Amino acid sequence: MAVPSFVDKVTLHVTAGSGGDGVASVHREKFKPLGGPDGGNGGHGGDVILRVAADVTTLVDYHHEPHRKATNGAPGAGSNRSGSNGEDLVLRVPEGTVVRSEQGEVLADLVGPGTELVIAAGGRGGLGNAALASSKRKAPGFALKGEPGDELVFTLELKVVADIGLVGFPSAGKSSLIAALSRARPKIADYPFTTLVPNLGVVSAGSTTFTVADVPGLIEGASEGRGLGHDFLRHVERCAALVHVIDCATVDPGRDPLTDLDVIEAELTKYAETTGSDLNDRPRLVALNKTDVPDAQEIAGFVRADLEARGLDVFDVSAASHAGLRELSFAMAEIVASRRAATPVAEVTRIVLRPKAEAGVGREFTITQRDGQWVVRGDKPKRWVRQTDFSNDEAVGFLADRLNRLGVEDELLKLGAKAGDDVIIGDENDAVMFDFDPQIPAGAEVLGRRGEDLRIDQSDRRTNVQRREELAARRAYEAEKREARAEGREPGWDFPEDDPSLIDEPADGELDTEDPR
């Protein structure tokens, strides 16, 4: 089987790197039993990037290796050590590459060396328990998992970026003409459809240097799939001008220069109607080829007046003798120079594809009921589910609190959901099902946020203000008791004598000067 050297359309499967998991860790050091959480974050996964490279002219590399994957981020570690980020995978593509989705939607048109497209974004790394700590959750016993990277299937379609496009019937001499004008050496033979792929050549005329591409021979019905030209018509979309190469020495019955021109123009019009690419605004030149043959020279003289009457610039050329090539090349250079002067210089851009919001504009989630189950859709709920370690109850509680703050529980209650109903979050392939258990108040006591340890807020230790007040009350009691005993009576009120902390724990900044007697 022959190995193709020119490939202008491939289907690519790419997977961005997944983010590394965060880690739940507690600082351990001698004489520091309460070191606190020190789990580091996971590293971000690598992106998959398409980058236009000037030295790449074909997609053949991706024809042989259509599956590509970026590296994953490393997990975090203790002592607040974050994992390393995954390396980006850069895929070099030719200038003029069009990126299409599986549905045929154009995602990007890559023109200009250095232009980049982040086609698949790497997953974000999960947070470690050090980053999840707060005043309410001082020592989280869980961490977040890293998010998976994007997985995409898309098509790369190359439209050759050439200044001039040569179009015409098979064996009209397009390959010979491009070989005579430039140093390109395409395959040339005396039979139809010798050219199987577009050929590019660089031509210099005066101070202008430009590229010329020949499209494999077109025949009637090419826009509908006949012949080979229908696969390569897209290569003329970017050309500044089209040159009709007409064979004036053909011996095929029913063919003449005017008929050949009309057939090719009809195919270009049908292609434009099918694809929406308007080619009618491209300047046209006509090259009456093979005029070194006596009969061809005579035919060219007969049709010149009719072609010029259509407003076309006509040139008698011969790829064999090089006659008329200088005039043709300077005419092409003039068109190219004019277009370049009118076209602003394209700046190098970096394009990042962002997934469309699942819940619609202005909403972060939607809830629908299906077969008695509540289905929650949205970017945030889906990401949060992916980050959750469902083997850890505290992590599940943290997820429930995040969904509650987002308003998911309130919306479910508003729609009529009851405790025990099934709630589904995530994609259909990896959805997670929950039993609806809303957070409700129990009498006068309101439950704390799930995933938090309420014992942190429950403390029996007295404040300094309370200690000062109790100490002042005790001193007042002792003074009254001494005065009453001096007068031979008992004090008029009692003070608890069984609380040694009132003597052993004086208020900050005060000394206990109580008389020990």
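Just so it is clear, the model here is predicted, and its values are computed rather than measured.
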Who passes side-chain contact (heavy atoms from CB on, under 4.5 Å) against K380, sequence neighbours left out? E364, R383, W384, L406
Suppose we screen for salt bridge (Lys or Arg N to Asp or Glu O under 4.0 Å). Which residues come up paired with R28, at least two apart in sequence or across chains? none
Approximate separation, where rounding is to 0.5 Å, of L412 CG and K418 NZ: 14.0 Å
So does K9 get a backbone contact from the side chain of E157, meaning a donor-acceptor N/O pair under 3.5 Å? no
Residues passing the salt bridge (Lys or Arg N to Asp or Glu O under 4.0 Å) test with D435, sequence neighbours excluded, are none
N-O pairing of R92 and D55 below 4.0 Å: yes
Any side-chain heavy atom of L181 within less than 4.5 Å of one from M332? yes
Considering all heavy atoms, the nearest V202-T209 contact: CG1-CG2, 3.5 Å
Which heavy atom of C239 sits nearest a heavy atom of R282, and at what distance? O-NE, 2.9 Å
Here the gap from L471 atom CG to Q466 atom CD, rounded to the nearest 0.5 Å, amounts to 13.5 Å
Between the CZ atom in F142 and the OG1 atom in T388, the distance rounded to the nearest 0.5 Å is 8.5 Å
Kindly determine whether Q369 and L415 satisfy side-chain contact (heavy atoms from CB on, under 4.5 Å), including the steps that lead there. CA-CA 9 Å; Q369 192 173 21; L415 294 175; over 6 Å; no
Pairing residues for D371 by the side chain to side chain donor-acceptor pair (under 3.5 Å) criterion, not counting sequence neighbours: none
For D410, which residues count as a side chain to side chain donor-acceptor pair (under 3.5 Å) partner, sequence neighbours excluded? none
Any P66 side-chain heavy atom under 4.5 Å of T11 side chain: no
Partners of E65 by side chain to side chain donor-acceptor pair (under 3.5 Å), sequence neighbours excluded? none
What is the distance from atom CG of N392 to atom CZ of F398, rounded to the nearest 0.5 Å? 11.5 Å
Residues two or more places apart in sequence or in another chain: which of them pass salt bridge (Lys or Arg N to Asp or Glu O under 4.0 Å) with E102? none
Write down the atom of V396, the atom of D389, and the distance for their closest heavy-atom approach. CG2-O, 4.3 Å
Identify the residue among V153, L91, D150 that makes a side chain to side chain contact (heavy atoms under 4.5 Å, CB included) with V14. L91
Applying side chain to side chain donor-acceptor pair (under 3.5 Å) to H13 and not counting sequence neighbours gives none
For the pair V106 and V99, evaluate side-chain contact (heavy atoms from CB on, under 4.5 Å) and give the outcome as yes or no after the intermediate values. CA-CA 6 Å; V106 176; V99 186; over 6 Å; no
Taking only distance into account, with no hydrogens and no angle test, what donor-acceptor pairs under 3.5 Å do side-chain atoms of residues 69-76 form with protein atoms, sequence neighbours excluded?
from: K69; atom 1: NZ; to: N72; atom 2: OD1; distance (Å): 3.1
from: T71; atom 1: OG1; to: E87; atom 2: N; distance (Å): 2.6
from: T71; atom 1: OG1; to: E87; atom 2: O; distance (Å): 3.3
from: N72; atom 1: OD1; to: S18; atom 2: N; distance (Å): 2.8

Taking V10 as the fixed residue, which of L158, V93, L156, T155 is the one that meets the side chain to side chain contact (heavy atoms under 4.5 Å, CB included) rule? L156
Carefully, step by step, assess I119 and L107 under the rule side-chain contact (heavy atoms from CB on, under 4.5 Å). CA-CA 9 Å; I119 188 67; L107 302 178; 4.2 Å; yes
Residues at least two apart in sequence or cross-chain that pass salt bridge (Lys or Arg N to Asp or Glu O under 4.0 Å) with D422, listed by chain then number, are none
One thing to verify: whether R340 and D163 come together as a salt bridge, which I'm taking to mean a side-chain N less than 4.0 angstrom from a carboxylate O. yes
Side-chain donor/acceptor pairs under 3.5 Å, residues 38-54, sequence neighbours excluded:
from: D38; atom 1: OD1; to: S25; atom 2: OG; distance (Å): 2.8
from: D38; atom 1: OD2; to: S79; atom 2: N; distance (Å): 3.0
from: N41; atom 1: OD1; to: G128; atom 2: N; distance (Å): 2.8
from: H44; atom 1: ND1; to: G125; atom 2: N; distance (Å): 2.9
from: D47; atom 1: OD1; to: G122; atom 2: N; distance (Å): 2.6
from: R51; atom 1: NE; to: E116; atom 2: OE2; distance (Å): 2.7
from: R51; atom 1: NH2; to: E116; atom 2: OE2; distance (Å): 2.7

Student check: side-chain heavy atoms of L268 and L242 closer than 4.5 Å: yes
Non-hydrogen atoms of P140 and P37 that approach each other most closely: CD-CG, 4.2 Å
Close side-chain approach of F365 and I425, heavy atoms under 4.5 Å: no
If you round to the nearest 0.5 Å, how far is CD1 of I264 from OG1 of T269? 11.0 Å
Checking R402, K382, R124, K145 against Q387 for side chain to side chain donor-acceptor pair (under 3.5 Å), the one that qualifies is R402
At what distance, to the nearest 0.5 angstrom, does CZ of R377 lie from CD1 of I424? 8.5 Å
If you compare all heavy atoms of D421 against all heavy atoms of W374, which two are closest, and at what distance to 0.1 Å? OD2-NE1, 3.3 Å
Where do A16 and A120 come nearest, in terms of heavy atoms and distance? CB-O, 3.7 Å
Ring pair (Phe, Tyr, Trp, His ring centres under 6.0 Å): pairs with one or both residues in residues 414-436, sequence neighbours excluded: F390-F434
Less than 4.5 Å apart, any side-chain heavy atom of V408 and any of V423? no
